[in-house]
There are 2 protein chains.
Amino acid sequence: MVSIISVAKAAGVSNKTVSRVINGEPHVTEETRERVEKAIRDLGYVPNMAARQIRSSRSNTFGIITDYVSTTPYSVDIVRGIQDWANANGKTILIANTVGSSEREATIWKMFQSHRIDGVLYVTMYRRIVDPAAGDVSIPTVMVNCRPQTAEDWPSIEPDDFQGAQDLTRHLLERGHRKIGYIRLNPILLGAELRLDAVRQTAREFGLADSDLSIRLGMEGPVGAEENYVFAAATEILQQRDRPTAIMSGNDEMAIQIYIAAMALGFRIPQDISIVGFDDFRTVSMALKPQLTTAALPYYDLGLQGAEWLNRVVAGDKIRPSRRVLACNLIERDSVCSV
Amino acid sequence: MVSIISVAKAAGVSNKTVSRVINGEPHVTEETRERVEKAIRDLGYVPNMAARQIRSSRSNTFGIITDYVSTTPYSVDIVRGIQDWANANGKTILIANTVGSSEREATIWKMFQSHRIDGVLYVTMYRRIVDPAAGDVSIPTVMVNCRPQTAEDWPSIEPDDFQGAQDLTRHLLERGHRKIGYIRLNPILLGAELRLDAVRQTAREFGLADSDLSIRLGMEGPVGAEENYVFAAATEILQQRDRPTAIMSGNDEMAIQIYIAAMALGFRIPQDISIVGFDDFRTVSMALKPQLTTAALPYYDLGLQGAEWLNRVVAGDKIRPSRRVLACNLIERDSVCSV
DNA sequence: TTGTAAGCGTTATCAG
DNA sequence: CTGATAACGCTTACAA
C-alpha cells in the first residue's frame, strides 16, 4: 500500500509536509501543496486511519450498541439519522447488536474499547428503561430511545409518547368524537403507559366520562412472542350497543387488524369509524387504504441529535438538562372524519 | 491507555511474550501464560486494533456498502446475517449507505480504503442489476441481492424469485384454483419479471389458458415514489364475471390493499378468495388476519453466506460458480384454502 | 516554510 | 521457550 513516504519521495518533500497538506494545515506554499496533491493523485494515496489513530489516540469513531434496532424494521431510522450526522462530520460508525444478551453486550463493550471508540450511542428498538452492562468501561455515552434505570450519569434522548397521544386524542375530540375506543400497546413497553395516560387525561379535559372510553388490551407478553388480541378487541368494541365513532390503535401495525375487523363488520373507514395509529411506520401507515392518520415517532431526529449530542459530550461539554424529549408530530391522512 | 508494554512489565516478561499469549500462539509455559493473563486482567488491558492492523496490514474488517438496506425496513435481515457471521468470526463490520448517490458511493470506497478494509459486501435493498462505481479501487467484493451489469468479476448471491413464485403458484394450483389473479410488482424491480414469468409458466404447465390468469399492474414508477394501483386492480379483478378464486400479490405489503379490497366487496378470506404474498415481510404477513401465506425471501442467509463467501474470496479462494441463488421457501399460513 | 527525529502499540524476525 | 529490536504509517515536537 502506498504510504505518506512514497508520496513525499514522489513530490520531493518530507513526509511532514505531506502530512500538512493532507490535514489542511497552514504554512505550506501554494506551489508545494499542488506538487504534493499531484503526487497523491498520481499514486492513488489514501491515508491510513489506523496509523493516524494510533498516533493521535483519537479514533474519530462512534459505536452504536443496540438491542435489535439495526436488524429490525421498526427503528432503522434512528440509525439512518446517526449515520447521516456521522457522514457529514467525518466520523466512522461501528454498529453492534446485543440481541438482548448481556453476555454479548459485555463483549461488545470490549470490542468498542479495542477500537478505541470515542463515544457510544446506546440505542433501543422500543423506548424503555435499561440497565447497560457497561461494566468497568467508561466511554462517553448518550442513550437514544431509552434511559438509564439508575443515576442519570448518561444523557438520554427520547420520543414524547405522551404529547403524541395527546395530539392524536385532541385531533379526534376536536372533530366531534365523544366515544372513543383505545386498543393498548403491550404494557411491557414504556410508551404504552404514557400513551394511555395521555388519552385518558385529554379525554377528561374535554369533558368525557371514563365510560366514554373503551380501553382494551391489544397485545401482551414478551416482545417478539406476544399474544395478539387486537382483532378480537376491535370486533368487540365495534359491536357495543353505543359503539365508539373512533378507535385509537396502540401502533400502526395493530391498526391493520382494526381495519380488517371493522371491514368484516361492514363498517366503512372513515365514514362509519375513524381510526388512528401511532409510530408512522410507513410500510403500514401508507399501505393501508385509506391511509392512516398517525403520530410520527421522531426516529431520524433522535439519531441525528443523539449523535450530535454525543459529539459534544466527547468534546467535554457538560450539557444540561441531561434528558431530552422530541415531539411526535401528528400526520394527518385519510382515516379520520368529523362526526 | 494500558498497552502491551505495561502488561509485560507487570508480568515480568517481554512484550513479545504478552503478544504470544494474546494471540494464543504456542511455545509459552503454562505458568508464564497464567502470569500474563493475570496481569492482563488486573490492568484491564484491551488490545488496540489500530496498532495491530498497522503492523499486520490486515484490518479484519469487512465493509458493507448498500443503497438503502440498513436504513430501510425491508431487508435489514441481510445485515443481520452478515453481522452474525462477522460476530462469530471475529470480524468488524463497517456499514455505509450510498442513498443512491454515486458521488457518495465514491466517497465510501475511499473511506473503506482508508480503513484498509479486507473485503466489501455490496448489498442492495431490492434485487437488481447494478454498476458499482468502485472506480480504480480493487477490494475483494461479493454482491448480495444484486449482480454486476458487466463482466462477472465479482461473485453474487441472490434470492430465487422464480422458484419462489413457482412454488406459490403450484401451491394454489394443487389446491384446485383454476382462475388466478396476479397483481404485479413494480416492473422496475428485477424480481417483478421473474416472479411473473414463473406464474405464467407454472400455470401453463398445469394446463391453464392465458385467459385464466388476470394479470394487473400494481405499482409503477421510481422506487420510493411509485404510483399505487393495487386497490383498484384488486377491486377490478374481484368484480369480474368469472372471477378468480385466488389472488397472488407482488409482495406482502401490496397484499394489505388486496385484503381491504376483498373485504370491502364482502368477500371472506380465504373462504371466498385465497390470497398469497411474497417476501414474508413479517410486520405485514403476520399482522394480517388471517395471516398471509407467502414465500420468504432468504435475506438472513443471503447475508450470512455472502459474508462467508467474501471471507473465502479474501483468503484467495477462486470459487465457481460465481453466481449463487438461494431458495425462497413457501411459508404456509392461513390465507389460502382449497376449492 | 520545511525537515528531522521520536514515538504511538502492535507484530515479525531472529537470536539466545 | 523467551526476548531484543526493527518495522508498520502516521503525528507531534522541535529544529533549521
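Chain naming here is simple, since letters A, B, ... match the order of the sequence lines and numbering starts at 1 in each.
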Sole candidate of A:Asn60, A:Ile65, A:Leu94, A:Ile93 that passes side-chain contact (heavy atoms from CB on, under 4.5 Å) when paired with A:Ile117
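So, applying the side-chain contact (heavy atoms from CB on, under 4.5 Å) to A:Ile117 and each of A:Asn60, A:Ile65, A:Leu94, A:Ile93, only A:Leu94 qualifies.
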
Report the residue from A:Ile78, A:Ile82, A:Asp84 that forms a side-chain contact (heavy atoms from CB on, under 4.5 Å) with A:Tyr300.
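Only match with A:Tyr300 under side-chain contact (heavy atoms from CB on, under 4.5 Å): A:Asp84.
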
Do B:Thr92 and A:His115 get their side chains close enough for a donor-acceptor pair, meaning under 3.5 Å?
yes

Under 3.5 Å, is there a donor on one side chain and an acceptor on the other for A:Tyr122 and A:Glu105?
yes

Heavy-atom pair of closest approach, residues B:Tyr45 and B:Val2:
CD1-O, 3.3 Å

Closest non-hydrogen atom pair, B:Asn97 against B:Arg104:
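Result for this residue pair: O-NE, 3.3 Å.
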
Under 4.0 Å protein heavy-atom contacts per nucleotide of nucleotides 8-16 of chain C, with B for base, S for backbone only and - for none
BBBBBB---

Students often get this wrong, so: under 4.0 angstrom with heavy atoms, is A:Ser57 touching a base, only sugar-phosphate, or nothing?
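No contact.
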
Need to verify one output field. Residue with the more 5' nearest nucleotide on DNA chain D, A:Met49 or B:Thr29?
B:Thr29

Could you give the side-chain donor-acceptor pairs of residues 46-53 of chain B under 3.5 Å, partners two or more places apart or in another chain?
{"unit_1": "B:Asn48", "atom_1": "OD1", "unit_2": "B:Ala50", "atom_2": "N", "d": "2.8"}
{"unit_1": "B:Asn48", "atom_1": "OD1", "unit_2": "B:Ala51", "atom_2": "N", "d": "3.2"}

Do A:Pro140 and A:Asp118 have side chains that get closer than 4.5 Å, going by heavy atoms?
no

According to salt bridge (Lys or Arg N to Asp or Glu O under 4.0 Å), who are the partners of A:Arg127, at least two apart in sequence or on a separate chain?
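With neighbours one apart ignored, the set is A:Glu158, A:Asp161.
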
So salt bridge (charged side-chain N to carboxylate O under 4.0 Å, His left out) across residues 20-33 of chain A, not counting sequence neighbours, yields A:Lys16-A:Glu25, A:Glu31-A:Arg35

Range on DNA chain D touched by chain A - first to last nucleotide, heavy-atom distance under 4.0 Å:
D:dG9 to D:dA13

Angle between the end axes of the helix from C:dT1-D:dA16 to C:dG16-D:dC1, five pairs per end, to the nearest 10 degrees?
30°

